[in-house]
Amino acid sequence: MDQTVTDFARAVQDILFAGQRMDQRGWVPATAGNISRKLADGRMAITRSGCHKGFLQAADVITVDMQGKPHSPENRPSAETLLHCQIYRHFPHVGAVLHGHSVASTVLSMEEETAVLTLADYEVLKVFEGQTTHETSVQVPLFENDQDIARLAEVVEPFFGTGMPAGYIIRGHGVYVWGKDMPTALARLEGLEFLLACALERRKLHA
Ligand SMILES: CSC[C@@H](O)[C@@H](O)C(=O)COP(=O)(O)O
Ligand SMILES: [Zn+2]
């Protein structure tokens, strides 16, 4: 079978699986979230806008170029496609990008007054790139929400130079994480969501 067709078929499977997993964990309520996977030919497969990520069908996954332009003009990709393009542009080794709207990321990012969430001393920090011990801290940048995604991307842009090992959070909205492939991106999301849930519990205990 044609390589491009096989690669796209695998990407569709990856995206459907990720959507179901994120839905099971309560990270993509209603039609929230978006999911993409880089294709071997340099384009990306991404979720169509407005689909429930737990009930994705193969037809809900479409292809766009790295500027976010759909292969077929009648296909409307995720409203947040430009944020995926930006991550692939900055990190050539990245093969999958995930965006979810968990309770913990939404609440903590609205409550935190500084521009970062600091996660420190947790064993699970080791799920992030370059982390080998719990005796460390990881800073997750927080950005103001904006319905103008091109403008939001401009605000996020300078932070890519800082590495951002765990991804970033848009306030009152949700997280963006990525990985070299879909299993790695899912493991990072699971790790980050676990840490955010711990941080939220600790804030409640100490309130
Ligand atoms: C349920 S509203 C969520 C949307 O506004 C958006 O933030 C989102 O994550 C999904 O948008 P989509 O265009 O389906 O990729
Ligand atoms: Zn969103």
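Whatever order the structure lists them in is the order used to number ligands and atoms, beginning at 1.
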- Query: Would a line drawn from the ring center of Y168 to the ring center of F159 be shorter than 6.0 Å?
  - Reply: no
- Task: List every atom of ligand 1 that sits less than 4.0 Å from any heavy atom of H99, numbering the atoms from 1 in the order shown and giving each element.
- Result: 9 (O)
- Query: Does CD belonging to E190 count more than 12 external heavy atoms closer than 6.0 Å?
  - Reply: yes
- Query: Going by the order shown, which atoms of ligand 1 are within less than 4.0 Å of some heavy atom of G33?
  - Reply: 8 (C), 9 (O), 10 (C), 15 (O)
- Message: So for H52, does at least one of its heavy atoms come nearer than 4.0 angstrom to any atom of ligand 1?
- Response: no
- Residue A79 vicinity, atoms of ligand 1 by number, heavy atom under 4.0 Å: 12 (P), 13 (O), 15 (O)
- Can you tell me, to 10 degrees, how wide the angle at the Zn ion (ligand 2) is between NE2 on H101 and NE2 on H99? 90°
- Query: What is the closest protein heavy atom to atom 6 (C) of ligand 1, and at what distance does it sit?
  - Reply: E80 OE2, 3.2 Å
- Report the C-alpha separation of E154 and R151 in whole Å, then their side-chain angles, then the decisive distance to 0.1 Å, and conclude whether the salt bridge (Lys or Arg N to Asp or Glu O under 4.0 Å) test is met. CA-CA 5 Å; E154 275 176 34; R151 195 165 57 198; over 6 Å; no
- Message: Rounded at 0.5 Å granularity, tell me how far CD in Q139 sits from CG in L119.
- Response: 9.0 Å
- Is A32 close to ligand 1, meaning an N/O of one under 3.5 Å from an N/O of the other? no
- Report yes if some N/O of N34 lies less than 3.5 Å from some N/O of ligand 1; otherwise report no. yes
- Message: If we only consider heavy atoms of T47, is any one of them less than 4.0 Å away from an atom in ligand 1?
- Response: no
- Task: Would you name the heavy atoms of G42 and M66 that are closest together and state the gap between them?
- Result: O-CG, 3.3 Å
- Based purely on interatomic distance, does R48 place a nitrogen or oxygen under 3.5 Å from a nitrogen or oxygen of ligand 1? no
- Task: Identify the protein heavy atom lying closest to atom 2 (S) of ligand 1, giving its residue, its atom name and the separation to 0.1 Å.
- Result: T31 OG1, 4.5 Å
- Query: Distance from T4 atom OG1 to D41 atom CG, nearest 0.5 Å?
  - Reply: 5.5 Å
- Would you call the rings of F55 and H52 parallel, tilted or perpendicular if under 30° counts as parallel and over 60° as perpendicular? tilted
- Item | side chain to side chain contact (heavy atoms under 4.5 Å, CB included) between V61 and R37, worked out | CA-CA 10 Å; V61 179; R37 170 56 158 82; over 6 Å; no
- Item | Contact check: G50 vs ligand 1, nitrogen or oxygen atoms, below 3.5 angstrom | yes
- Task: Compare H173, Q147, H101 and give the one whose heavy atom is closest to atom 3 (C) of ligand 1.
- Result: H101
- So the atoms of ligand 1 within less than 4.0 Å of a heavy atom of K53 turn out to be 14 (O)
- Just give me the atom name: the N, O or S atom of H173 closest to the Zn ion (ligand 2). NE2
- Query: Mind checking whether A30 has an N or O less than 3.5 Å away from an N or O of ligand 1?
  - Reply: no
- Is there a donor-acceptor contact under 3.5 Å linking the side chains of S102 and S105? yes
- Test item: T184 and W178 side chains (from C-beta on) under 4.5 Å apart, heavy atoms: no
- Task: Please say whether more than 12 non-hydrogen atoms of neighbouring residues, nucleotides or ligands are located less than 6.0 Å from CZ in R10.
- Result: no
- Query: Heavy atoms of the protein only: does one fall short of 4.0 Å from atom 9 (O) of ligand 1?
  - Reply: yes
- Task: Using only heavy-atom distances, determine whether the side chains of T114 and E112 contain a donor-acceptor pair under 3.5 Å.
- Result: yes
- Looking only at protein heavy atoms, identify the closest one to atom 13 (O) of ligand 1 and say how far it is in Å. S49 OG, 2.6 Å
- Task: Please report which non-hydrogen protein atom sits nearest to atom 15 (O) of ligand 1, along with the residue it belongs to and the distance in Å to one decimal place.
- Result: S78 OG, 2.6 Å
